[in-house]
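Position 1 is the first residue of the sequence; numbering continues from there. Basis for what follows: all heavy atoms, side chains included, without hydrogens, waters or symmetry-related copies. Nothing here was measured: the structure is a model prediction, and the numbers come from that model.
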Amino acid sequence: MDPIVIAIVLALIAYALGSAKLINQGNEALVERLGRYHRKLGSGLNFIVPLVDQIVMEDTIREQFIDIKPQNVITKDNIYLEVDAVLFWRIRDMVKSFYEIDDLQGSLTQLATTTLREIIAQNTVEETNVSRAEMDTAILTQLNQTTQNWGVEILRLDIQSITPPESVRKSMEEERAAEIKKRALAFEAEGERDAAIKRAQGTQTSMQIISEALRSHPESREILRYLVAQDYVVASQKLGESNNAKIVFIDPSKTNEVYNQLVADAIAQEGSSSNSPKT
């Protein structure tokens with residue numbers, strides 16, 4: 001075979017091998033021709049002009065993340081916090097990400113750290129713990145205003161932990177414990193109030209029943225005297241069993257007056273209830 005033909009064939013093979021470029025799925029590449037941006041290569045098999053064209057960058061357009069190392073941040077109420085976060089981002093414009101910014105990941109890290117400190121500095125410690133989702137949204141909006149010029153979209157920034165100093169943590173725990181105790185006492189007081197109201201209503205109902213019975217059946221007064229005397233005896237017995245009890249004596253000659261007074265009070269209460277205007 002003619003050596004010239006062999007040389008031409010080898011040159012064509014070398015050209016084909018040199019011009020064929022395979023870009024993996026999920027990646028894109030940038031081509032410069034004679035030192036100037038020429039075009040962008042998508043995934044799959046692509047061809048360039050050897051010695052004239054040069055691939056200057058190949059990178060993924062898939063979602064990536066940057067771990068923001070714990071940062072010491074001062075809040076609005078002058079409390080130092082240690083904040084740890086993760087930044088998720090994606091290249092939207094490969095050309096801008098290469099030509100508009102140098103050291104893209106380093107710049108994203110510095111921008112996210114600065115923005116995180118700025119947003120937290122606008123909140124107190126309590127607001128920082130309560131409104132974490134709102135802070136994530138505010139940080140995300142502020143970051144994208146800058147990174148859109150770099151051809152990058154910030155997908156989300158997750159604040160993983162916010163760690164206050166030990167003294168602040170202890171104070172917050174005591175405050176939460178005091179709040180829980182306060183709610184428990186309020187609930188207990190409300191229960192006692194409801195019980196007292198029910199007891200008063202029960203007593204009023206009992207007095208009305210007794211008064212009605214005495215009004216309809218005068219002979220029931222002797223039964224009432226017996227019941228009052230029985231309650232008095234039982235109460236006196238319980239009082240006597242107590243170690244700290246004090247014995248109170250009632251003049252036997254005046255017991256009838258006491259019983260009559262109780263009956264009269266019951267009848268009077270019923271009379272006032274029945275005469276009161278009804279709504």
Closest non-hydrogen atom pair, Glu82 against Pro70: CG-CB, 3.8 Å
Non-hydrogen atoms of Met94 and Thr60 that approach each other most closely: CE-O, 4.3 Å
Anything under 30° is parallel, anything over 60° is perpendicular, the rest tilted; go ahead and classify Tyr99 against Tyr37. perpendicular
Shared hydrophobic cluster for Trp89 and Val95 (ILVMFWY, side-chain gaps under 4.5 Å): yes
Report yes if the side chains of Leu104 and Ile91 come closer than 4.5 Å at any heavy-atom pair, otherwise no. yes
Residues in side-chain hydrogen bond (donor to acceptor under 3.5 Å, both in side chains) with Thr75, at least two apart? Asp77
Could you check if a side-chain atom of Leu155 sits within less than 4.5 angstrom of a side-chain atom of Phe65, using non-hydrogen atoms only? no
Quick one: closest heavy-atom pair of Ile48 and Lys21, and the distance? CD1-CE, 3.7 Å
Which residues pass the side chain to side chain contact (heavy atoms under 4.5 Å, CB included) test with Asp136, sequence neighbours left out? Arg132, Leu157, Ile159
Would you check if Met135 and Gln122 make a side-chain contact, meaning some heavy-atom pair closer than 4.5 Å? no
Do Ile55 and Leu30 have side chains that approach each other closer than 4.5 Å (heavy atoms only, starting at C-beta)? no
Rounding to 0.5 Å, atoms CZ (Arg92) and OG (Ser97) come to a distance of 12.5 Å
Rounded to the nearest 0.5 Å, how far does CG of Asn149 lie from CD of Glu100? 7.5 Å
dist Ile61:CD1 -> Asn27:CG (nearest 0.5 Å) comes out at 7.5 Å
Shortest non-hydrogen pair, Ala85 vs Asp67, comes out as O-OD1, 3.3 Å
Quick one: pull up OG1 in Thr109 and CD1 in Ile66 and give me the separation to the nearest 0.5 Å. 4.0 Å
With a cut-off of 6.0 Å (strictly less than), are more than 12 heavy atoms of other residues, nucleotides or ligands near CG of Leu51? no
Do Leu108 and Leu143 make a side-chain contact, defined as non-hydrogen atoms from C-beta onward lying under 4.5 Å apart? no
Quick check: do Val73 and Tyr80 have side-chain heavy atoms less than 4.5 Å from each other? no
Would you check if there is a donor-acceptor pair between the side chains of Gln64 and Arg90 at a distance under 3.5 Å? no
Can you see which heavy atom on Asn24 is nearest to which on Ser43, and at what distance? O-CB, 3.5 Å
Side chains of Val86 and Gln160, heavy atoms from C-beta outward: is any pair under 4.5 Å? yes
Should Met57 and Ile101 be regarded as members of a common hydrophobic cluster, given that ILVMFWY residues are connected when their side-chain heavy atoms come within less than 4.5 Å of each other, either directly or indirectly? yes
Using modelled atom types only, decide if a donor and an acceptor are shared between the side chain of Asn123 and the backbone of Ile119 within a distance under 3.5 Å. yes
Which pair of heavy atoms, one from Gly42 and one from Ile23, lies closest together, and at what distance? O-CB, 3.2 Å
Between CD on residue Glu32 and CG on residue Leu34, distance to nearest 0.5 Å: 10.0 Å
What distance separates Thr115 OG1 from Arg117 CZ, expressed to the nearest 0.5 Å? 11.0 Å
Side-chain touch Trp150/Lys96, heavy atoms, less than 4.5 angstrom: no
Hey, does the side chain of Asn144 reach the backbone of Leu140 with a donor-acceptor pair shorter than 3.5 angstrom? yes
Before accepting this row, confirm whether a basic side-chain N of the pair Arg156/Asp158 lies closer than 4.0 Å to the acidic partner's carboxylate O. yes
Under a 3.5 Å distance rule, please check whether Asn46 uses its side chain to pair with a backbone N or O of Gly44 as donor and acceptor. yes
Using only atom types and a distance under 3.5 Å, with no angle test, would you say the side chain of Glu28 pairs donor to acceptor with the backbone of Gly26? no
Side-chain donor/acceptor of Asp103 to backbone N/O of Gly106, under 3.5 Å: yes
